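Fair warning: this is a prediction, and the values are worked out from it, not measured in the lab. We count ligands from 1, going down the list as the structure has it; atoms in each ligand are counted the same way.
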Amino acid sequence: MMKTILITGATAGIGRETARPLLAHGHRVLLHGYTRERAQHTLNALNAATAVPVDGDLTDRHQVLALAEPVRQPTPVLDVRLHNAGGYASHTPPDPGRF
Ligand SMILES: NC(=O)c1ccc[n+]([C@@H]2O[C@H](COP(=O)([O-])OP(=O)(O)OC[C@H]3O[C@@H](n4cnc5c(N)ncnc54)[C@H](OP(=O)(O)O)[C@@H]3O)[C@@H](O)[C@H]2O)c1
């Protein structure tokens with residue numbers, strides 16, 4: 001049965017590798033990235049027909065709140081939420097041009 005799954009930080013590492021088999025099994029995965037471009041790039045790289053790109057810097061409260069609508073829009077129900085985004089504290093801002 002197809003599930004709708006949100007994965008934050010799906011553009012790299014564990015998040016991206018977790019998305020891969022879920023997409024291969026046909027689940028709808030909301031792929032979250034810092035930027036829409038980064039999420040879209042990951043979606044393209046995974047050749048993911050059932051993925052939906054969403055974006056936002058999760059250290060920015062306004063961007064977190066803005067993320068709610070595109071997450072809610074494709075479906076009112078999230079079956080699974082994988083709160084994966086994170087890392088070690090750094091003052092280096094994200095580089096939106098880096099994929
Ligand atoms: N790997 C380990 O050994 C290990 C051990 C313990 C805990 N963890 C935790 O497991 C999670 C995944 O680890 P990982 O090794 O896969 O890390 P990773 O390769 O650095 O991937 C982290 C993901 O989170 C995204 N991200 C980070 N901060 C964000 C923010 N403020 N807003 C939006 N996106 C953000 C990154 O986006 P960009 O790619 O755009 O930067 C990336 O997609 C992290 O929470 C980490 O702390 C990992």
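Shortest non-hydrogen contact noted between L6 and V54 is CD1-CG2, 4.2 Å.
Less than 4.0 angstrom separates some heavy atom of T11 from each of these atoms of ligand 1: 37 (O), 38 (P), 39 (O), 40 (O), 42 (C), 43 (O). In the vicinity of G56, heavy-atom distances shorter than 4.0 Å reach the ligand 1 atoms 32 (N), 33 (C). Residue G13 has at least one heavy-atom neighbour below 4.0 Å for each of these atoms of ligand 1: 16 (O), 19 (O). Close approach of ligand 1 to D57 (heavy-atom distance below 4.0 Å) involves ligand atoms 30 (C), 31 (N), 32 (N). In the vicinity of N84, heavy-atom distances shorter than 4.0 Å reach the ligand 1 atoms 11 (C), 12 (C), 44 (C), 45 (O). Applying the 4.0 Å criterion to heavy atoms of T59 picks out, from ligand 1, the atoms 31 (N).
By the 4.0 Å heavy-atom criterion, H32 is counted among the residues contacting ligand 1.
Counting only distance, with no hydrogens or angles, the side chain of H41 and the backbone of E37 share no donor-acceptor pair below 3.5 Å. Under the 3.5 Å distance criterion, the side-chain polar atoms of T11 are left unmatched by any main-chain donor or acceptor of G33. In this structure, H32 contributes its side chain and G9 its backbone to a donor-acceptor pair below 3.5 Å. Checking side-chain atoms of Q63 against main-chain N and O of D57 turns up a donor-acceptor pair under 3.5 Å.
Around CZ of R81, the count of heavy atoms belonging to other residues, nucleotides or ligands within 6.0 Å does not exceed 12.
Considering both main-chain and side-chain atoms, L58 comes within under 3.5 Å of ligand 1 through a nitrogen or oxygen pair.
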**Message:** Go through it in stages, so that I can follow the logic: the residues are N84 and T18, the test is side-chain contact (heavy atoms from CB on, under 4.5 Å), and I'd like the CA-CA distance, side-chain angles, deciding distance and then a yes or no.
**Reply:** CA-CA 10 Å; N84 164 77; T18 300; over 6 Å; no
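Of all the heavy atoms of R38, the ones lying under 4.0 Å from any atom of ligand 1 belong exclusively to the side chain.
The heavy atom nearest to atom 1 (N) of ligand 1, considering only I14, L31, L82, is found in I14. Selection from G15, G86, A10, G87 by nearest heavy atom to atom 27 (C) of ligand 1 gives G86.
By the 4.5 Å heavy-atom criterion applied to side chains, I5 and L78 are not counted as neighbours.
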